[in-house]
Amino acid sequence: MLSVAAAGLRARWTSLAGPLAALTLGVAVIATMALVLGAASDDPHRLPRRFAAAPAVVQADPNLRLRDRYGTPTAVPFAEQPALPAAVLAAFPGAALDRTFPARLPGGPSDQVGHGWSSAAFAPYTLTSGRAPARPGEIVTTAGGRPGQRVLVHAADRDGFYTVVGTARAPAGAAEVEHAVFFSDAEAARLSPPVDALVPAGHAAARRTAGLPGVRLLTGRDRALADPGALRDRADLASLTSFLGIAALLSTSVSLYVTASAFGLSVARRRRELALLRTLGATPLQVVRSVGVEAVLIGVAGSAAGCVLGLGGGPLLARWLARHAMAPSWFTVPRTTACAVPLTLAFAAGVAVAVLAVVAASVRAATIRPAEALRAADAERRGSGLPRRLLGLAALGFGAVLLLAVVTAAPDAVLDPKTDVELALLIVGGAVLLAPVLLPPLIRALTWPLTRGAGPGGLLARERVAAGSRQAAATVAPVMITLGLGLAVLGTTGTVQAAEDRGLHHQAAPADLVVLPSGAAGLPASLVARVRAVPGAAATAVTDTSVLAREPALTPFHLEAPAPVPFPAIAVDSPAVLGLRVRQGSLDGLNDATVALDRSWHKRVGQTVRLWLADGTPATLRITAVFDAEPGGPRLVLGPHRGGGAGPTRVYVRGDSTSLTAVKAALGPDHQAGAEATAVPAARWAGGVTDRQADQTRVGLLVMIGIAAAYGAIGAVTTAATAISGRRGELALLRRIGTTRRQAFAFVCQEYALLVAAGALTAAGAAGIVLAGVSLAA
C-alpha cells in the first residue's frame, strides 16, 4: 500500500503542489505562533542584572496563592511586588536589605530609583569617584550630579537637599540595569521603610525560606525575576500571551481551514480515479485507506517543511514584537529543547488536518456504487452533505445565540478581544460551511443581468457553480474566511476603541488641564501639594492601579468564581474633578476604608466587598457609591492611599484662566527640560491617550490580520490553481466547439470573479452580524 501511494504521488505531484504548499505555510504559521507563545509563557530567558553578584535573593511571593472551589491550587499575580513581612526579616539576621523607591534629581533620567548603599554590591556597582554615603544628607549617583554638588532630590513622597559624595557605575555590559541614587542605609530606611528583597548571608540561611509561607527564594537564572522592571515585563508578557493567544486562534483557524479546503478540493478532483477503483472491485475501505496513506505522506512532508520555516519565523516575529514595544526589548525565542513541544504540536496538527481533510473528502467518493461510478465521476451531487449543513447551522446558530447573550446579559464582554474573535470565528465559520448552499442563489442573482443578451459567460458561470457547489465553495473559502474575519475583527476593534475613547473623555470631562509626570515614576507628592495650593483651582490626583477580586455574579444562581481576577481601578485623593455618573451614594465619602463600584458588581451602598490591593494587601471595604460603568474605564474607585507604591499618574485640574496659569507656573519655569511634570488641555490629553492606544491596537491587528490575510491570499491562489488544473478536459472541450483561447480564459476569469464577489458578500454579511451585535453592546 505504501509503494502504491508513493507511485501515485509521483504521478500526480503537479496537482498536489497547491495543497502541499498550503499545508507547509499553514504549519509554518502555527509553529511560529506556538514558538513565540511558548517563549512568552516560559520563565525569563535572560541573565540576572540587578542581582547578578548575589548568590540568592529572597522576596515576598508576588502571587496570590489559594485553592479554588474544586480544591485545585492556583496562583494569581499581583500588580506590584509585595514587601517582605517583619517575621521574614527577623529570620535572616545579618542579611543585606534592598529597598527600591522613586528618587529623581532635577534634570536626571525619568526612571531614577533610590537604594541603600549596601544594595550597590548586588550588581555590583563600583565607585568611580568619591566615597560611599555615610550620613543622612549624602548620596552617590550613577547619572547626574558631581561630587561636592548639593542637589534637590525628589525621593519617595518627600523632597530634600543632599550632597553628592561619589559616583558609581554598573559592571561592564550591564549599564542598562537602572539609573540609581544610593543613600545611606539608615536614610533609605527612613525614606522607604518597606523592604523589597534581601540577600541572605550564606546558603544555609537561604534554606530557611522553605519553612516561611509567602516567601520565594531565587537562585541561578531565576534571580532575573528580582530585576527592576521584572514585574512590568511579566505584565507585558502576560498581555502579549493573551494577544498571541487571540492571534494564534485567528491565524490557526484560517490556516487549518484553508489547508482542509485545499486538500478537500484536491480529492474532489480525483472522483474519476476513485470511481474507477470502485468499478475494478476496490471496497470503500480500501479506497479510503489508499487515499489516507497518501495524505499521511503529504502531511509528514508538508508539516516537516512548515516546522523548519516556523523555527526561523519565531525569532523574527519575536524581534518584530519587541521592536514595536509589544514585548520587552530583550524578548526573543531561544532555540533550545523547549522548542520541541511547540514544533511537535504544529507537526501533529498539520498531519491531522491533512489526513482528516483527505479522508473526509474520499469517504463521499468511496461510497459510490460500482454501477454508478463512471456515470457519477464528473458530476457531484447537488448541495452539500448533511453533516456539513448541520455543522454550519450549529456554528451559525450558536454564534448568534452567544452574540445575543453578550449583548443582553454581559455587554462588557465585548471589550475582550478574545470574545470578539470567538464570535467572528463561529459566525463567519458557519457561513463558510454553508457556502455550498449560499453561493448558488447569490451567483444566480449576480449573473441575472449577464444572462440577458450579454453572451454565454454568465450562464456558463451560473451552471458551473450549480453543478459543483462544493468545489466552488472550496475554491473561494480562503477569500471568505480571510475577508470575513478581517472585517469582523477590524470592525469590532474600531467599535470597542471608540467606546473606550468615550469613557476616557467622560472621566476627564470636568477638567480643564491634566498634569502629567515627565517620567514613569509618577508625580511627586510635593508637586501635587503645590498644584492643590493654587487659589481658585480644584484638583483631583488620580493613580491608576489594579486590584484582585472575584468576578461579580450575574444572578443569585451563579457559583463563586474559581479564583480572583484583576480589575482596573483608580485611587483618588478627592472627587472634586472626576467625571463619573453616580447612581447611588456619593463619592464624597470616599476614603481608605471605602470604595466606589460600577453597577456591574450588582451591589448596593453599605455592603462590603473583599479584594486584594496591587501589592497583595487584603482589604474589606464598605461601598460608598455606585456609578455607571464606562467602556475601558475603572471598575472601582479607591481612597487616596490605596493606589500602591507609585505616585499619582495624573492630576485633573479645573479653574479659571488665572488659576490655570498659576498651576502651570507651579510646575516649573516654562516647563524647562527635566521638569517634574507638564500640563496639557484635558481634550488634548484624552486624544493623545486614545491615539497611543489606537497605535498599539493597529500594531496588534497588523500581526493578526496580516498573517491571516497573507496566508488567505496564498491559499486562494493555491486552491484556484488546483481547481483550474483539474479542468483541462473541460477547457479543451470548449476549444473543440469553437471557443477561442481568449474566450475560454475570459469564461474562467468571469466565473472566478463572480465566485469571489459572491463569497465576499457572504463573508461581509456574516461580519455584519458580528458588528451589529458589538455596536449594540458598546
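Predicted model, so just to flag it, every value in this text is computed and none were measured.
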Among R216, Q59, Q81, whose side-chain contact (heavy atoms from CB on, under 4.5 Å) with L225 holds? R216
Minimum heavy-atom distance T142-A180, with the two atoms named: OG1-N, 2.9 Å
Please round to the nearest 0.5 Å and tell me the distance separating atom CG of L317 and atom CG of L35. 10.0 Å
Please name the residue in the list E187, Q149, R150 that meets the side chain to side chain donor-acceptor pair (under 3.5 Å) test with Y162. E187
Could you list the residues that satisfy salt bridge (charged side-chain N to carboxylate O under 4.0 Å, His left out) with D227, not counting sequence neighbours? R49
Could you tell me whether the side chain of R530 and the main chain of A666 form a donor-acceptor pair under 3.5 Å? yes
Pairwise distance CD(E80) to OG(S546) - rounded to 0.5 angstrom: 9.5 Å
Is the backbone N or O of A593 less than 3.5 Å from a side-chain atom of N591, with the two atoms forming a donor-acceptor pair by type? yes
Hits for salt bridge (charged side-chain N to carboxylate O under 4.0 Å, His left out) against E138, two or more places apart or cross-chain, chain-then-number order -> R131, R135
Contacts of T126 meeting side chain to side chain donor-acceptor pair (under 3.5 Å) (sequence neighbours excluded), chain-then-number -> none
Spell out, as yes or no, whether a donor-acceptor pair under 3.5 Å connects the side chain of T128 to the backbone of T167. yes
Judged by atom type as modelled, is there a donor-acceptor pair below 3.5 Å linking the side chain of D573 to the main-chain atoms of A541? yes
A side-chain contact here means heavy atoms from C-beta on lying under 4.5 Å apart; do L578 and I570 qualify? yes
What residues form a side-chain contact (heavy atoms from CB on, under 4.5 Å) with L345, not counting sequence neighbours? V341
Of all heavy-atom pairs linking G114 and F183, the shortest is CA-CE1, 4.1 Å
I'd like to know if the side chain of S192 and the backbone of A188 have a donor-acceptor N/O pair within less than 3.5 Å. no
Report the residues that fulfil ring-ring contact (aromatic ring centres under 6.0 Å, His included) with W612, sequence neighbours left out, ordered by chain and then residue number. none
Contacts of T344 that satisfy side chain to side chain donor-acceptor pair (under 3.5 Å) - sequence neighbours left out: none
For R146, which residues count as a salt bridge (charged side-chain N to carboxylate O under 4.0 Å, His left out) partner, sequence neighbours excluded? none
For residues 639-646, dump all side-chain donor-acceptor pairs below 3.5 Å to protein atoms at least two apart in sequence or in another chain.
| unit_1 | atom_1 | unit_2 | atom_2 | d |
| --- | --- | --- | --- | --- |
| H641 | ND1 | D592 | OD2 | 2.8 |
| R642 | NE | D592 | O | 2.8 |
| R642 | NH2 | D592 | O | 2.8 |

Would a distance-only check, ignoring hydrogens and angles, find a side-chain to backbone donor-acceptor pair under 3.5 Å from D615 to A83? no
Could you tell me which residues satisfy ring-ring contact (aromatic ring centres under 6.0 Å, His included) with F182, sequence neighbours excluded, listed by chain and number? H115, W117, Y125
Side chains of V76 and V565, heavy atoms from C-beta outward: is any pair under 4.5 Å? no
Side chain to side chain donor-acceptor pair (under 3.5 Å) partners of R319, counting only residues at least two apart: none
List in chain and number order the residues that pass salt bridge (charged side-chain N to carboxylate O under 4.0 Å, His left out) with D196, two or more places apart in sequence or in another chain; answer none if no residue qualifies. none
Do D544 and R650 sit within salt-bridge range, that is, some charged N less than 4.0 Å from a carboxylate O? yes
With sequence neighbours excluded, residues passing side chain to side chain donor-acceptor pair (under 3.5 Å) with R169: none
P48 backbone acceptor or donor facing R223 side chain under 3.5 Å: no
If we only count heavy atoms from C-beta on, is the P200 to V58 side-chain gap below 4.5 Å? yes
For residues L523 and V515, report the shortest heavy-atom separation together with the two atoms involved. CD1-O, 3.8 Å
Show the nearest heavy-atom pair for residues A39 and V333, with the distance to one decimal. CB-CG2, 4.1 Å
Side chain proximity check, P55 to V199, heavy atoms < 4.5 angstrom: yes
Is the shortest side-chain heavy-atom distance between D98 and R50 below 4.5 Å? yes
I'd like to know if the side chain of R532 and the backbone of A539 have a donor-acceptor N/O pair within less than 3.5 Å. yes
Look at the side chain of S184 and the backbone N and O of A134, then say whether any donor-acceptor pair between them is shorter than 3.5 Å. no
